[in-house]
Amino acid sequence: PGAAFAKDKSKDVLNVAHRGASAYAPEHTLPAYQLGDQMKGDYIEIDLQMTKDGHLIAMHDERLDRTTNGTGRVEDHTLAEIKELDAGSWFNEANPEHAKPEYEGLKVPTLDEVLDRFGPNKKYYIETKAPDVYPGMEEKLLETLERHGLLTEKKLAKEHVLIQSFSQDSLLKVHDMNPDIPLIQLLSYQAPAKIDDAKLDYIETYAIGVGPNFDQIDRQYVQKVRSHDLEIHPYTVNEKEDMRKLIAWGVTGMFTNHPDRLHEVLKGK
Ligand code: G3P
Ligand code: CA
């Protein structure tokens, strides 16, 4: 077909605000998620860790050190202890160009608080991090989503929640508990990525797509995944040039710390 009939590849590309709009505000804080939404992110991306007393919190690392003024492992601290910490000042120091006084003293949010704040009409892309460290994390996650009205037939059909993990075991556990929740298998490559039919056939039995690191994939990889009708959401894409290249290859979404840039690219800017 001629150019006029070519499918507009950018039309359905999902804009996932990685840890919120984390280039502009401290990752995994309410202002970062708010900004992700304002910058037209389709999904708020949330990494989960679990406290000593069993609360799911939004945090990327297993340790408190990088993104708070605390130290030590999340699993060794209660929620009350973690709530004492400052999850914003580190960002101001590391990113003076985006520093704001209101970021000082921000709290680490629980998953419950994020879902309370943004409600069931927003979309969430939630990662079970270190599920081996936190037995019971998947049960707690599903119970929380259910309580917030995010597992109704309608919400599931509209993919209001996507659950992602590098851990196949964790995804299989979720799939076992509720086969209707859309899942994304995260993949990490240290060298040029290849994926074969057998692996994609297996992923298809429990997930709707894959999330590879973008810097080791090529057009063939994307086409292979798409030939299985699986979604492909590479991470973490921050430069417009890379965004455009991936869209041309046929990705169906991507994670970005700059949802504003992806929005512009999708608008043809
Ligand atoms: O979840 C997709 C991407 O976020 C995986 O990398 O380390 O930022 O969670 P990470
Ligand atoms: Ca993540």
Side-chain angles (χ1 to χ4, degrees), residues 13-29 32-33 35-36 39 41-50 56-68 73-74 87 90-91 94-95 108-111 114-115 122-134 137-138 141 145 159 161-171 174 181-190 193 195 203 206-217 221-222 225 230-239 242-243 246 251-259 261-262:
V13 173
L14 296 177
N15 186 341
V16 184
H18 183 244
R19 313 182 192 179
S22 57
Y24 308 106
E27 66 181 59
H28 293 314
T29 62
Y33 296 148
L35 208 52
M39 291 181 166
D42 295 304
Y43 282 87
I44 296 173
E45 198 236 358
I46 306 170
D47 294 316
L48 291 182
Q49 305 282 341
M50 196 156 89
L56 294 177
I57 60 166
M59 186 171 288
H60 177 273
D61 299 0
E62 287 170 57
R63 295 185 62 87
L64 301 163
D65 304 54
R66 183 177 60 88
T67 57
T68 74
R73 295 181 61 78
V74 173
W90 71 273
F91 177 89
N95 305 278
V108 173
T110 62
L111 177 62
V114 178
L115 300 180
K122 294 292 175 201
K123 293 181 160 186
Y124 305 93
Y125 204 133
I126 303 178
E127 180 175 353
T128 55
K129 277 274 182 222
D132 302 346
V133 178
Y134 308 116
M137 171 181 238
E138 293 84 3
L141 169 57
L145 294 173
E159 300 186 348
V161 174
L162 293 174
I163 296 180
Q164 46 162 340
S165 192
F166 287 102
S167 164
Q168 193 171 60
D169 285 350
S170 184
L171 293 180
V174 173
I181 300 178
L183 306 178
I184 299 288
Q185 177 68 60
L186 296 177
L187 299 164
S188 173
Y189 297 98
Q190 311 303 323
I195 195 156
I203 290 174
Y206 63 89
I208 64 153
V210 297
N213 47 313
F214 85 93
D215 54 332
Q216 297 287 359
I217 63 172
Y221 183 99
V222 175
V225 172
L230 285 161
E231 304 289 317
I232 175 164
H233 303 158
Y235 63 89
T236 301
V237 192
N238 292 321
E239 302 302 330
D242 292 319
M243 293 170 178
L246 290 161
V251 304
T252 53
M254 65 188 89
F255 296 81
T256 178
N257 300 339
H258 295 265
R261 289 185 189 167
L262 180 54

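If you're wondering where the values come from, they're calculated on a predicted model, not measured in any experiment. Atoms within a ligand are numbered from 1 in the order they appear, just like the ligands themselves.
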With no hydrogens and no angle check, is any side-chain donor or acceptor of [X] less than 3.5 Å from a backbone partner on [Y]?
X    : Y    : answer
T29  : P26  : yes
N213 : Y189 : yes
S165 : T128 : yes
T252 : I232 : yes

- Item | Numbered atoms of ligand 1 (with element) below 4.0 Å of R19, judged on heavy atoms |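 Near R19, meaning under 4.0 Å from one of its heavy atoms, ligand 1 has 7 (O), 8 (O), 10 (P).
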- Enumerated ligand 1 atoms positioned under 4.0 Å from heavy atoms of Q164: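 The atoms of ligand 1 under 4.0 Å from a heavy atom of Q164 are 1 (O), 2 (C).
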Can you find a pair of side-chain heavy atoms, one from [X] and one from [Y], that are under 4.5 Å apart?
X    : Y    : answer
L145 : L115 : yes
Y125 : I46  : no
L246 : I217 : yes

- Mind checking whether T236 has an N or O less than 3.5 Å away from an N or O of ligand 1?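 For ligand 1, there is no N or O atom that lies under 3.5 Å from one belonging to T236.
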- Answer yes or no: does an N/O atom from K129 fall short of 3.5 Å to an N/O atom of ligand 1?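 Right, the criterion is met.
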- Item | Protein residue, atom and distance nearest to atom 7 (O) of ligand 1, heavy-atom basis |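 Closest protein heavy atom to atom 7 (O) of ligand 1: H60 NE2, 2.6 Å.
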- Query: Tell me: protein heavy atom nearest atom 4 (O) of ligand 1, and distance?
  - Reply: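 Nearest protein contact, heavy atoms only, for atom 4 (O) of ligand 1 is H18 NE2, 2.8 Å.
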With the Ca ion (ligand 2) as the reference point, give the N/O/S atom of [X] that is nearest.
X    : result
E127 : OE1
D47  : OD1
E45  : OE2

- So which of F255, Y125, F166 gets nearest to atom 5 (C) of ligand 1, if we judge by its closest heavy atom?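 Going through F255, Y125, F166 one by one, F166 has the nearest heavy atom to atom 5 (C) of ligand 1.
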- Query: Taking atom NZ of K123 as the centre, does the number of heavy atoms from other residues, nucleotides or ligands within less than 6.0 Å exceed 12?
  - Reply: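 Yes, NZ of K123 has more than 12 neighbouring heavy atoms, counting only those of other groups under 6.0 Å.
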- Message: Check for me whether E45 has a heavy atom closer than 4.0 Å to any atom of ligand 1.
- Response: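 The answer is yes, since E45 has a heavy atom less than 4.0 Å from ligand 1.
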